[in-house]
Number of protein chains: 2
Amino acid sequence: MRASERAYATLRSDIINWRLTPGTVLGEVELSARLGVSRTPIREALAKLTAEGLSEPQSGRGVVVSEISLDHLDELFELRTALECRAAELAAQRCDPEIFANLHHQLLNAGELITAEDPSRADYYQLAGDLDAAVDAAVGNHYLTQALKNLRVHLVRVRRLAKDNPVRLRDAAREHAAIALAIANRNPVVASAATTVHLDNSLRHLLSTTS
Amino acid sequence: MRASERAYATLRSDIINWRLTPGTVLGEVELSARLGVSRTPIREALAKLTAEGLSEPQSGRGVVVSEISLDHLDELFELRTALECRAAELAAQRCDPEIFANLHHQLLNAGELITAEDPSRADYYQLAGDLDAAVDAAVGNHYLTQALKNLRVHLVRVRRLAKDNPVRLRDAAREHAAIALAIANRNPVVASAATTVHLDNSLRHLLSTTS
DNA sequence: AGTTCAAGGAATGTATACATAGATGGTTGT
DNA sequence: ACAACCATCTATGTATACATTCCTTGAACT
């Protein structure tokens, strides 16, 4: 693997998992020493991170890990709602119903995945990711998928802000199931509405647990 | 100005204005010779262009100017509709009505700007850009604005695909005026609907003049 | 004659040296 | 004592040399 890719992957993971907190200065020399590569691949990695919005230039000189404060959460969710509602609509019009019927069934039983033994909720988030991927595939729109991908990077960071309690996760799973069902039924209006409801619940939960 | 910024601006302009056509190979050595800077700033510029979607990696080695074919026009407009309709809605809820009333008035008279003396339609596109900027400002959502900005880069390229005949431009100006009016009236539903109509007309016009 | 493998070359990936600009701290003058 | 200015230092911007990988071309074998 290329050194620049390793540096990028490492830094990206560090930022997303809050090992590098917002505001941290990303100095080229320090990073090149820490990651054991020269400054050139570091620069490449920082450029990609900045393009992605995970870091940003700091007053003309140097880059810092970008802020992800609650002040911007509502803005993030406004974009998210616009994109995901449209995606759900289009998926409902174009999907293979069997795939989403299957996802619906899995999501209905997702409560069992949220156990005390798996504090990282890996299984649950895997299933939610499967739904996202299925929607992307059904929509078949490169530009829309790309915009959603850019957005999800920030959403993963936000997730760490909130304490994800099991009650909310089970509710969220039911909401996801409702979305999958609407898409399987090829009902764009309901799919969009279910997405709106789900995102509103998610946002309010986030705001209530973090403030 | 930094060399990397100059290289980026030059290449970006060359791609948008079709001096570099889709599929053109962007070799680092060739570009560094042509632009008179070393490969390092060229790499920086290419990374930014690729992040923006104006160029893309070519089978693991080298980057090429990305395709902007008609096959993807409908996809581009699906994303555009999702973003601009939402932006129009939010702008209608949050705007200062005077600003959009003023734009409405200007757009109603925009027919006079489309004259034979200005084949580049600079004045008209300036006015359309003013409306976009006013919507962005009224919405006040960094993420949504950023997503729209990414999108508009591709739209400028598409514009060059079509022969913009004066009749269509005058119609488009009236449609823009309708959007501005709906926002000035603080009517989100109409603003979104007017945007949908406008974008559908634009897409159909593009498809009819280029095929 | 076609296909495959190898060798060479060309372009990208990486490292490092050098240039430059911005920041910081100290000193001096008021 | 405070402020302003200058010098030095540090970090980024740029250039270039070196390494590596992939592609192309040619030759040989099937």
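Summary for the helix from C/dA1-D/dT30 to C/dT30-D/dA1: the axes at its two ends, each from 5 pairs, differ by 10° when rounded to the nearest 10 degrees.
A 4.0 Å heavy-atom criterion places the boundary nucleotides of DNA chain C facing chain B at C/dA11 to C/dT14, written 5' to 3'.
The shortest heavy-atom contact between A/Ala51 and B/Ala51 is CB-CB, 3.5 Å. Summarising the geometry of A/Gln58 relative to A/Val64, their closest heavy-atom pair is CD-CG1, 3.5 Å, with the distance given to 0.1 Å. The heavy-atom pair separating A/Pro166 from A/Arg121 by the smallest distance is CG-NH2, 3.7 Å. Across all their heavy atoms, B/Ser55 and B/Leu26 have their closest contact at CB-CD1, 4.0 Å.
Considering A/Asn102, A/Leu131, A/Ile179 in turn, A/Leu131 is the only one that fulfils the side-chain contact (heavy atoms from CB on, under 4.5 Å) rule with A/Leu107. With B/Asp136 as the fixed residue, the salt bridge (charged side-chain N to carboxylate O under 4.0 Å, His left out) test singles out one of B/Arg94, B/Lys149, B/Arg152: B/Arg152. Tested against B/Ser202, the residues B/Glu175, B/Arg159, B/Arg168 include a single side-chain hydrogen bond (donor to acceptor under 3.5 Å, both in side chains) partner, B/Arg168.
Side-chain polar atoms of A/Asp130 and A/Gln126 form a donor-acceptor pair below 3.5 angstrom. Between the side chains of A/Thr24 and A/Thr21, a donor-acceptor pair is found at a separation under 3.5 Å.
In this structure, CZ of B/Arg39 is placed 11 Å from C1' of D/dC18, rounded to the nearest angstrom. One atom, CD of B/Gln58, and another, C1' of D/dC23, lie 11 Å apart when rounded to the nearest Å.
Of the possible polar contacts, one joining the A/Glu75 side chain to the B/His142 backbone as a donor-acceptor pair under 3.5 Å is found.
Between B/Leu26 and A/Val37, the one whose closest nucleotide on DNA chain C sits nearer the 5' end is B/Leu26.
Residue A/Arg61 places no side-chain atom within donor-acceptor reach of the base of D/dG13, judged by atom type and a 3.5 Å distance cut-off alone.
Taken residue by residue, residues 44-52 of chain B places no heavy atom nearer than 4.0 Å to DNA chain D.
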